[in-house]
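Structure first, commentary second.
One is the number of the first residue; the rest follow in order along the sequence.
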Amino acid sequence: MSDVIGLVLPFFGLIFVGFLVARITRQPLEALGWMNTFIVYVALPALFFQLLAKTPFEDLTEWRFIFGSVVSTFMIFSLMFMGSVLTSRGEIAQSTIKALAAAYGNIGYMGPGLALLAFGEEAAVPVALIFCFENIMHFAIAPMMMALSGDEKTTPLRLALGVVRKIVLHPFIIATALGVGAAYIGFRPPVPVERFLEYLSRAAAPCALFAMGVTLALAALKLILHPLLCYVVLSWIGNFSETWVFSAVLLAALPTATNVFVIAQQYGVWVQRASASVLITTCLSVVTVTGLLYLIRHNILAPDLFP
C-alpha cells in the first residue's frame, strides 16, 4: 500500500497546493489564464508529440482499442442522458450537461500525468488516442444536443463548421496528429528541438495539476461504473497489453473534467451543479483512484477479464 500512497500523494498533493495557494493569495480565477494557455497550447501538446513520434506506427492504429474505450464512454453518457430526460420530462439541454459530467473525465489535465507516473512512457500512446477520439466525440455531441434542445440559435451549416473547427484546431488533437505523422514517416526532430520539447513536456503534468487545484447517483457513474464498463468492454473485444488496458481504465476513473463547467457556462445550463460535480468527483477520486491503483499495482485486478 505504501507504494501506491507514494504514487498518488505527490499527484493529489500538487492539486491541493494549487487550491491552497489560490486561497492564500486570493487571486481571481482569471489570473490562471497564462498558465492554462501554457498547459493547453504548449506543454501538453509537446508531451503528446514527443512521445507519439517515438512510437511504432502500428501501435497507433489499434482501432479495436479506440472503439472499446470510446464506446464505453458513450454508453455512460447515454445512460445518464436517458435517465435525466425521463426524470426531467424531456429537458435536453440540462440532460446533456449532466451526461457530460458523468462521462467526460479529466483526461487532459490529470490523465497524462497520472498514467505516466503509474505505468511509464508506454502509457502515452493509449492516453493520447483516448484523449483525441473521446474529445472528438464530446466536441461533436455538446453543440449538436444543444441545437436539438432549441436553445442554440444557429444554422445546421454553421453548427457543423463550429464542430469541425473545435476538433481540427484543438492543440492536443493537432499535436497527436503531428506525432502520428512523424511516427509514420520515421521523422525525429533535431537534437536541440528534441531537448526543447523535453523541457516543455516535463512541465506539463505539474503545471496542470497545480492549476486544477484552483478550480475544483453522478459520481458513482463517473468514478465507478465508467472504469468498470471500460474494463469489461476492452477485455471482451480483444487482447491488449496490460499497460493499454489499465491506462484506459485509469482514464475512465478520473473525475469530471472542468470543461463540463465551461460548456455549462457557455450555454447557461446547470452551471452551479456542473461546478459542484467537478469538485465532488475530484475529492472522491482521491479515494477511488487510489483504490484502483492499489488493485493494479498488487495484481489483484487481472489485465484481462476474459483470458
message: For a 4.5 angstrom cut-off between non-hydrogen side-chain atoms, does Y267 reach P143?
response: yes

Taking side chain as C-beta onward, heavy atoms only, is L148 less than 4.5 Å from T96? no

Note: F131 and G108 closest approach over all heavy atoms is CE1-CA, 3.6 Å

To the nearest 0.5 Å, atom CD of Q265 lies from atom CZ of F261 at 3.5 Å

Separation between OG1 (T87) and CZ (R89), nearest 0.5 Å, reads 10.0 Å

d(M80 CE, L218 CG) to nearest 0.5 Å is 4.0 Å

Practice task
Determine, using the 4.5 Å side-chain heavy-atom cutoff (strictly less than), whether W236 and F67 are members of one ILVMFWY cluster.
Solution key: yes

The reported gap from CD1 in I263 to CE in M146 (rounded to nearest 0.5 angstrom) is 8.0 Å

In short, L52 meets A128 closest at the heavy-atom pair CD1-CB, 3.8 Å

**Message:** Within the supplied structure, the quantity of interest is the number of heavy atoms (other residues, nucleotides, ligands) at a distance under 6.0 Å from R64 CZ; does it exceed 12?
**Reply:** yes

Identify every side-chain donor-acceptor pair in residues 54-62 under 3.5 Å, counting partners at least two apart or on other chains, and give the distances.
unit_1, atom_1, unit_2, atom_2, d
T55, OG1, L51, O, 2.9
T61, OG1, E58, O, 3.2

Connected to V191, directly or through other members, by ILVMFWY side-chain contacts below 4.5 Å are none

Separation between CZ (F65) and CD1 (I237), nearest 0.5 Å, reads 9.0 Å

For residues 128-149, the salt bridge (charged side-chain N to carboxylate O under 4.0 Å, His left out) pairs (sequence neighbours left out) are none

Across all chains, not counting sequence neighbours, the side-chain hydrogen bond (donor to acceptor under 3.5 Å, both in side chains) partners of Y231 are none

Here the gap from S78 atom OG to I141 atom CD1, rounded to the nearest 0.5 Å, amounts to 7.0 Å

Taken in chain and number order and not counting sequence neighbours, the residues that satisfy side chain to side chain contact (heavy atoms under 4.5 Å, CB included) with V85 are F81, S95

Report the C-alpha separation of F77 and L100 in whole Å, then their side-chain angles, then the decisive distance to 0.1 Å, and conclude whether the side-chain contact (heavy atoms from CB on, under 4.5 Å) test is met. CA-CA 6 Å; F77 176 93; L100 286 172; 3.9 Å; yes

Between N106 and L254, the two heavy atoms sitting closest are O-CD1, 3.4 Å

inquiry  = When you compare the side chains of H226 and T73, does any donor N or O come within less than 3.5 Å of an acceptor on the partner?
reply    = yes

Scanning both residues in full, the closest heavy-atom pair of A118 with L293 reads CB-CD2, 3.8 Å

Check residues 172-188 and write down every donor-acceptor pair under 3.5 Å in which the side-chain atom is one partner and the other belongs to a residue at least two apart or another chain.
unit_1, atom_1, unit_2, atom_2, d
T176, OG1, F172, O, 2.8

Taken in chain and number order and not counting sequence neighbours, the residues that satisfy side chain to side chain contact (heavy atoms under 4.5 Å, CB included) with S285 are F12, L223, P255, T288, V289

Excluding V168, membership of its hydrophobic cluster (Ile, Leu, Val, Met, Phe, Trp, Tyr; side-chain heavy atoms within less than 4.5 Å) reads V164, L169

Closest non-hydrogen atoms of A274 and I97, given as atom of the first, atom of the second and distance, are CB-CG2, 4.1 Å

By ring-ring contact (aromatic ring centres under 6.0 Å, His included), F119 pairs with (sequence neighbours left out) none

Side chain to side chain contact (heavy atoms under 4.5 Å, CB included) filter on M75, not counting sequence neighbours, yields V71, L229

Joint hydrophobic cluster, L157 plus F139, side-chain heavy atoms closer than 4.5 Å = no

Of T281, I280, V287, the one forming a side-chain contact (heavy atoms from CB on, under 4.5 Å) with L284 is I280

Compile the donor-acceptor pairs under 3.5 Å between side chains in residues 299-307 and protein atoms, sequence neighbours left out, one pair per line.
unit_1, atom_1, unit_2, atom_2, d
D304, OD1, F306, N, 3.0

Quick one: side chains of residues 238-252, donor-acceptor pairs under 3.5 Å with protein atoms, not counting sequence neighbours, listed by atom name and distance.
unit_1, atom_1, unit_2, atom_2, d
S241, OG, W244, N, 3.2
S247, OG, T243, O, 2.7

**Steps toward side-chain contact (heavy atoms from CB on, under 4.5 Å) verdict (I107, N135)** = CA-CA 9 Å; I107 54 178; N135 270 289; 3.9 Å; yes

Scanning both residues in full, the closest heavy-atom pair of V127 with A115 reads CG2-CB, 3.6 Å

